[in-house]
Amino acid sequence: IVPGLGFVLPIVMWATNKDNNEEIDLHGKVTLNWLISLFIYFIICGILTILVIGVFGFIIFGLLNLVFAIVAAIKANNGELWVYPLSIKFFKI
């Protein structure tokens with residue numbers, strides 16, 4: 001509903017709770033790696049819209065983000081750490 005909340009909310013939740021639990025810190029780093037990677041992929045897709053390929057990239061990455069968020073939430077609920085495929089490792093886990 002609120003644009004950008006999908007990026008801001010996980011970062012705020014991780015930043016405020018990372019010191020309370022090591023598991024939360026790991027999940028936050030994995031999520032932040034994916035969000036930064038997704039932002040980079042969206043910039044590349046924005047550039048590639050000149051060739052029309054970028055439009056398909058936006059659709060694919062939008063769907064992947066939705067699916068990855070659901071899978072990550074289910075895994076986290078089961079106590080498992082799930083590393084997002086296609087994410088660039090900015091934060092060491």
Side-chain angles (χ1 to χ4, degrees):
I1 296 173
V2 179
L5 193 60
F7 288 103
V8 175
L9 188 60
I11 294 169
V12 170
M13 289 176 63
W14 171 68
T16 58
N17 295 311
K18 67 182 179 180
D19 298 328
N20 298 339
N21 189 333
E22 179 68 25
E23 192 171 317
I24 291 174
D25 187 38
L26 291 175
H27 286 284
K29 287 178 182 177
V30 168
T31 303
L32 201 54
N33 281 338
W34 170 245
L35 291 176
I36 294 170
S37 300
L38 186 64
F39 182 72
I40 292 169
Y41 296 145
F42 277 167
I43 289 172
I44 294 169
C45 288
I47 294 168
L48 290 176
T49 55
I50 296 169
L51 304 173
V52 182
I53 299 170
V55 174
F56 297 113
F58 278 125
I59 294 168
I60 290 169
F61 281 114
L63 290 173
L64 282 177
N65 188 38
L66 178 65
V67 170
F68 287 173
I70 292 169
V71 171
I74 292 170
K75 296 282 188 176
N77 191 36
N78 293 333
E80 301 174 42
L81 180 65
W82 185 68
V83 179
Y84 293 77
L86 304 174
S87 67
I88 302 166
K89 308 299 185 254
F90 294 103
F91 296 98
K92 191 171 184 173
I93 301 167

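Computed from a predicted structure; not experimentally measured. Just the heavy atoms: all of them, side chains too, but no hydrogens, waters or symmetry mates, feed the values below.
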Asks: Are Phe91 and Trp34 linked, directly or through intermediate hydrophobic residues, by side-chain heavy-atom contacts shorter than 4.5 Å (ILVMFWY only)?
Replies: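 Cluster IDs for Trp34 and Phe91 match.
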
Asks: Should side-chain heavy atoms under 4.5 Å link Ile, Leu, Val, Met, Phe, Trp and Tyr, which residues sit in the same cluster as Val52?
Replies: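 Members alongside Val52: Phe56.
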
Asks: For the CZ atom of Phe68 and the CG atom of Leu35, what is their distance to the nearest 0.5 Å?
Replies: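 Going from the CZ atom of Phe68 to the CG atom of Leu35 covers 12.5 Å.
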
Asks: How many angstroms lie between atom NZ of Lys89 and atom NZ of Lys29, to the nearest 0.5 angstrom?
Replies: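 Answer rounded to 0.5 Å: 13.5 Å.
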
Asks: For a quick test of your reading: what N or O donor-acceptor pairs under 3.5 Å do the side chains of residues 37-51 make, sequence neighbours left out?
Replies:
| residue | atom | partner | partner atom | Å |
| --- | --- | --- | --- | --- |
| Ser37 | OG | Asn33 | O | 2.7 |
| Ser37 | OG | Ile88 | N | 2.7 |
| Tyr41 | OH | Leu86 | O | 2.5 |
| Thr49 | OG1 | Gly46 | O | 2.6 |

Asks: Do the side chains of Glu23 and Leu81 get nearer than 4.5 Å, heavy atoms only?
Replies: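 Sidechains of Glu23 and Leu81: no contact.
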
Asks: Any link between Phe61 and Ile59 through a network of hydrophobic side chains (Ile, Leu, Val, Met, Phe, Trp, Tyr) touching at under 4.5 Å?
Replies: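 No, Phe61 and Ile59 fall in different hydrophobic clusters.
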
Asks: Show the atom names and distances, to 0.1 Å, of all donor-acceptor pairs under 3.5 Å that link a side chain in residues 71-79 to residues at least two apart or in another chain.
Replies:
| residue | atom | partner | partner atom | Å |
| --- | --- | --- | --- | --- |
| Asn78 | ND2 | Ile74 | O | 3.3 |

Asks: Indicate yes or no: at least one non-hydrogen side-chain atom of Trp82 is less than 4.5 angstrom from one of Val30.
Replies: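 No, too far: nothing below the 4.5 Å cut-off.
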
Asks: With rounding to the nearest 0.5 Å, note down the distance linking CD1 in Ile70 to CG in Asn65.
Replies: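 Reported to 0.5 Å precision, the distance equals 10.0 Å.
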
Asks: Taking Leu66 as the starting point, is it possible to reach Val83 by hopping between hydrophobic residues whose side chains are less than 4.5 Å apart?
Replies: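 As far as the 4.5 Å side-chain criterion goes, Leu66 and Val83 are not connected within one cluster.
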
